[in-house]
Amino acid sequence: MMSRTAGIFGIVFALQALPNLLASGEYLSPGWAIAMPVVLFAGMFAVLITSIIARGVAAAAGVMATVFVLSLVLWPAAVVQPNETAPTSRGCGTS
């Protein structure tokens with residue numbers, strides 16, 4: 001039950017982050033902008049599926065955790081203009 005819940009929450013969390021991930025695509029090289037979301041979402045869906053069928057959950061979660069950390073470590077290599085920062089919206093009414 002806990003692994004199913006973790007799989008569902010992982011997908012929900014990923015869907016919440018999807019708009020920001022897609023918006024950051026213009027700051028990444030085209031290959032990275034496509035590969036990162038595909039690989040990350042494939043891993044999350046693998047964890048969800050393995051948690052539903054109750055087989056291979058630990059392996060899928062371990063691979064997903066490793067892929068996620070690698071994506072964080074490799075993120076600077078994916079950025080086209082490392083000195084340029086993306087605009088942020090803080091919701092404080094100023095622009």
Side-chain angles (χ1 to χ4, degrees):
M1 182 64 144
M2 290 299 292
S3 64
R4 288 184 186 111
T5 304
I8 291 168
F9 277 110
I11 295 297
V12 170
F13 176 72
L15 291 174
Q16 289 176 339
L18 185 60
N20 289 331
L21 180 63
L22 295 176
S24 71
E26 66 186 72
Y27 298 98
L28 303 176
S29 63
W32 284 99
I34 294 169
M36 276 193 171
V38 169
V39 169
L40 290 173
F41 274 91
M44 284 184 251
F45 277 113
V47 172
L48 178 64
I49 298 301
T50 57
S51 68
I52 290 171
I53 63 172
R55 290 185 156 200
V57 179
V63 169
M64 181 57 212
T66 304
V67 167
F68 183 74
V69 169
L70 283 174
S71 72
L72 292 176
V73 169
L74 294 175
W75 187 266
V79 177
V80 176
Q81 297 290 334
N83 295 330
E84 185 178 328
T85 59
T88 59
S89 62
R90 298 182 186 248
C92 60
T94 60
S95 53

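Predicted model, so just to flag it, every value in this text is computed and none were measured.
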Nearest heavy-atom pair of Val39 and Val67: which atoms, and what distance?
-> CG1-CG1, 3.5 Å

So do Trp75 and Met36 actually touch side chain to side chain, heavy atoms under 4.5 Å?
-> yes

Check whether Leu28 and Ile34 end up in the same hydrophobic cluster, where Ile, Leu, Val, Met, Phe, Trp and Tyr are linked by side-chain heavy atoms less than 4.5 Å apart.
-> no

Same cluster or not: are Leu70 and Met44 linked, directly or through other Ile, Leu, Val, Met, Phe, Trp or Tyr residues, by side-chain heavy atoms under 4.5 angstrom apart?
-> no

Got a sec, which residues hit side chain to side chain contact (heavy atoms under 4.5 Å, CB included) with Phe68, two or more places apart in sequence or on another chain?
-> Leu40, Met64, Ser71, Leu72

Kindly write out the residues that satisfy side chain to side chain contact (heavy atoms under 4.5 Å, CB included) with Ala46, not counting sequence neighbours, or none if the list is empty.
-> none

Residues that Ser29 engages under side chain to side chain contact (heavy atoms under 4.5 Å, CB included), provided they are two or more places apart = Trp32, Val80

Examine Val47 and Val63 and state if one hydrophobic cluster contains both, with Ile, Leu, Val, Met, Phe, Trp and Tyr joined whenever side-chain heavy atoms are less than 4.5 Å apart.
-> yes

The reported gap from CD1 in Ile52 to CZ in Phe45 (rounded to nearest 0.5 angstrom) is 10.0 Å

